Amino acid sequence: MSENRGLIAVVVVLLVALAGMVCLGVGALIYCPQPGSACAGLFGAPSNVSQNNPSQTQPTTAPDQSQNQTQNPTQNSSTNNTAPAGNVLRLPGGSGGGGDPPTLDPANTSDVESATYIVEIFSGLVGFNKDLKIVPDLAEKWDVSNDGKTYTFTLRQDAKFHDGRPVTAQDVKYSLERAADPRTRSTVSPLYLGDIVGFMDKYTGKANEVSGVKVLDNYTVQIDIDKPISYFLAALAHPTSYIVDKFNVESGEQPWYLKPNGTGPFKLIQWDQGQQIVLEKNADYYGDIKPSVDRIEFLLGGGSAMTRYENGDLDATRVSIADIERVSDPASPLNKELSIDPQLSTSFIVFNTRKAPFDDPKVRMAFAMSIDRQKLNDVVFKKMPVVATGILPQAFPGFNQDLKGIPFDPEGAKKLLAESKYASGLPDIVWSTVGGGGTAGSDVQAIAEMLKENLGANISVEQTDWATYLSQINGTNVDFQLFDIGWSADYVDPHNFIGLLFRGGSLNNWSGYDNPVVNQLIDDASVEPNLDKRIQEYQQAEEKILQDAPVLPLTYGRDFWLTKPYVKGAFYPPLVIERLKYITLDK
């Protein structure tokens, strides 16, 4: 019941935001898709990171969460709810996975783990309040021209970097141009900033500056876009447009973000790879809501987060599959500390249309129809997520409740395979996934077994760490044949899923899908001022995409968290937003 109330609340907030043409942006948020799967917690730090432990210079991985989180043998035992000494909040790493983030460079933010820290350390021209509405951030206001193609931002004059230097319009121009600089190697910036006039010219090396970003004076910056897209502010809220300090970036420290001079409510003061990340409140933070907690310690690496929580060593923890049954039991004292929150996310199996045998749409559909998602969700995922019927999440504007989705139909799948150009035999197939070696996640194993049983497909599994995995799927030349991934909303507009993931040529079009009819629907919808018509065009595109099956939507995400009763103001929003400044500790 609590999750239903949460879903209704999210729907109301998001519809109000979209109807007012206020779209929300939070990051290029790729995530490991399944709770408790092999990828949970496997987030590698940059290979050139050398922290307080100089011998550890390679990406760090943690064990499979299903092995890592052990069940407390005493089902109804009480937990330690004594608040720790000092004004210190202790959390599992990142979004709850527990590992090192791949990066803390805003321009290269392409995953949930990295964004979780970046939104606290840095900030942009616009941001979010806790009700998920876009509000002024480093900009105190903005004006939009009548044709919808020129935005003029006036900066706050009290905003400062962590070292005390004022934030100016020159810093805004530098940050946006750095995101476009080919040397930055950002694979996500064109997705969110590519509509700025001249951005792609600099990104492709044809220009030395972004002509559409103009400094009018120290506290005024003008941004021109090439067409009046309704979601530009949402795109501008993405971390890739966050403001960075030129002197910090060009200091010679490699990588520079180990000692970031940000503008956000918290400062990074310590990062011990595989052990902990420590944030400290920014006493000079310009925002109306000041951070209350003095220090936040994110615990990384191995060990059971649930055990730490029950022993009083963590103040909140994400619930894994290993523990969901006992914390869901009303008789458990943990149940009173449980929150269930719908997320604006969808997990997918991706069929690379550029690779055999998935260049044949009949093979793609046959594979999709051979997977029993309901059984997978009930048995493997223990009903933590919700079975997906389409691409757009349930609480998302444009969600089509009448969409039936791709059915589980093994006999129909066999018929399609017999009609395909691979009727005489399928080639061997490699499934690429996130993992630390050894046995693949139970979800991957279950799906591979379904495909073998229903289609005779021989599937081998290839595992890699999270940071390497991201580098392989960001771009237009994905080499993986078959893989699993999740997408968490960047902003509340159907374009964030339909356009970014399935428009031909998009850098996040993992499958290489390119349908002229779908492309035209997406292009028309992106500039359509009528909300109802826009949604209709995106829904038509979604139906066509599902017919072509470049992906199989698996589940819609839900977050399960335990939070100590003395932690006040904690919330788990459906988007990655700045949220730690709202938390207080009641001691």
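Since the structure is predicted, the reported quantities are computational estimates derived from the model, not experimental observations.
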Does I296 form a side chain to side chain contact (heavy atoms under 4.5 Å, CB included) with F266? I'd like the steps, not just the answer.
CA-CA 9 Å; I296 301 176; F266 291 92; 3.6 Å; yes

Run the numbers on K259 and D163 for salt bridge (Lys or Arg N to Asp or Glu O under 4.0 Å), then give the verdict.
CA-CA 11 Å; K259 298 178 180 178; D163 69 354; over 6 Å; no

Pair N335, E337 - check side-chain hydrogen bond (donor to acceptor under 3.5 Å, both in side chains), show working.
CA-CA 5 Å; N335 185 256; E337 299 165 12; over 6 Å; no

Show your reasoning for whether side-chain hydrogen bond (donor to acceptor under 3.5 Å, both in side chains) applies to T468 and D465.
CA-CA 6 Å; T468 302; D465 66 89; 2.9 Å; yes

Let's go through R156 and L138 carefully: what are the C-alpha distance in whole Å and the side-chain angles of both, what is the deciding distance for side chain to side chain contact (heavy atoms under 4.5 Å, CB included) to 0.1 Å, and is it a yes or a no?
CA-CA 6 Å; R156 301 177 63 120; L138 288 173; 5.8 Å; no

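Put simply, the side chain of N248 does not reach to within 4.5 Å of the side chain of Y257, judged on heavy atoms. For the pair Y556 and S345, the minimum side-chain heavy-atom distance is 4.5 Å or more. Looking at heavy atoms from C-beta onward, T240 lies in side-chain contact with S186 at the 4.5 angstrom threshold. At least one side-chain heavy atom of W487 sits less than 4.5 Å from a side-chain heavy atom of L500. For the pair P260/L268, a side-chain contact is recorded, criterion being any heavy-atom separation below 4.5 Å from C-beta on. At least one side-chain heavy atom of D105 sits under 4.5 Å from a side-chain heavy atom of R178. In this structure, the side chains of V386 and Q394 come closer than 4.5 Å at one or more pairs of heavy atoms. Side-chain contact between M306 and S320: absent, with no pair of heavy atoms (C-beta onward) separated by less than 4.5 Å.
A salt bridge links D171 with R165: the closest approach of a Lys/Arg side-chain nitrogen to an acidic carboxylate oxygen falls below 4.0 angstrom. By the 4.0 Å N-to-carboxylate-O rule, R90 lies close enough to D315 to be salt-bridged with it. With respect to E310 and R308, no salt bridge is recorded, no charged nitrogen being found less than 4.0 Å from a carboxylate O. Salt bridge R326/D323: present, at least one basic N to carboxylate O contact under 4.0 Å. Salt bridge annotation for K160-D284: absent, with no cationic side-chain nitrogen under 4.0 angstrom from a carboxylate oxygen.
Aromatic ring orientation, Y151 versus F232: tilted (interplanar angle from 30° to 60°). Taking the six-membered ring for Trp and thresholds of 30 and 60 degrees, F396 and F497 have ring planes more than 60 degrees apart, a perpendicular arrangement.
Distance check, rounded to the nearest 0.5 Å: CG of L104 to CD of E120 gives 12.0 Å. Distance CH2/W561 to CZ/F571: 12.5 Å, rounded to 0.5 Å. Of the inter-residue distances, the one linking D288 atom CG with K581 atom NZ reads 8.0 Å to the nearest 0.5 angstrom. Here D245 contributes atom CG and F247 contributes atom CZ; the two are 6.5 Å apart, rounded to the nearest 0.5 Å. Interatomic distance, L193 CG to H238 NE2, rounded to the nearest 0.5 Å: 8.5 Å. Summarising the geometry, atom CD belonging to E177 is positioned 11.0 Å from atom OG1 belonging to T184; distances are rounded to the nearest 0.5 Å.
Note that K267 lies outside the cation-pi zone of Y285, set by a 6.0 Å cut-off to the ring centre and a 45° limit from the axis. In this structure, K130 forms a cation-pi arrangement with Y582, its terminal cationic atom sitting closer than 6.0 Å to the ring centre and no more than 45° off the ring axis.
Side-chain N or O atoms of R558 include one that pairs as donor or acceptor with a backbone N or O of K383 at under 3.5 Å. Listed for the N261 side chain is a donor-acceptor partner under 3.5 Å among the backbone atoms of H162. A donor-acceptor pair under 3.5 Å is absent between the side-chain atoms of S328 and the main chain of E325, judged by distance alone. Looking only at distances, no side-chain donor or acceptor of S292 sits under 3.5 Å from a matching main-chain atom of T584. A donor-acceptor contact shorter than 3.5 Å links the side chain of S241 to the backbone of L236. The backbone N or O of A388 sits nowhere less than 3.5 Å from a side-chain atom of T555 that would complete a donor-acceptor pair. N129 contributes a side-chain N or O that, together with a main-chain N or O of K133, makes up a donor-acceptor pair within less than 3.5 Å. In this structure, T220 contributes its side chain and D217 its backbone to no donor-acceptor pair below 3.5 Å. No donor-acceptor pair closer than 3.5 Å links the side chain of W142 to the backbone N or O of L233. Looking only at distances, a side-chain donor or acceptor of K564 sits under 3.5 Å from a matching main-chain atom of Y309.
Using a 3.5 Å distance cut-off with no hydrogens or angles, the side chains of D100 and W271 do pair a donor with an acceptor. Looking only at atom types and distance, the side chain of D111 has a donor-acceptor partner in the side chain of S114 under 3.5 Å away. The closest side-chain donor-acceptor pair between T168 and Q170 falls under 3.5 angstrom. When only modelled atom types and interatomic distance are considered, Y174 and E250 share a side-chain donor-acceptor pair under 3.5 Å. For the residue pair D341 and Q343, no side-chain donor N or O sits within less than 3.5 Å of a side-chain acceptor on the partner. Side-chain contact of T263 with S123: a donor-acceptor pair under 3.5 Å is present, judged by distance alone.
Aromatic ring centres of Y117 and F298: separated by under 6.0 Å.
Heavy atoms only, all atoms of each residue included: T563 and A570 are closest at CG2-CB, 4.2 Å. Residues L344 and V492 come closest through the heavy atom pair CD1-CG2, 4.4 Å. Minimum interatomic distance between Y286 and D158 (heavy atoms only, all atoms of both residues): CB-O, 3.8 Å. Heavy-atom minimum distance, L585 versus V88: CD1-O, 3.2 Å. Here the shortest heavy-atom pairing between A316 and P92 reads O-CD, 3.0 Å. The heavy-atom pair separating G124 from D137 by the smallest distance is O-CB, 3.2 Å.
With a 6.0 Å radius and a threshold of 12 heavy atoms from other residues, nucleotides or ligands, K290 has its NZ atom above the threshold.
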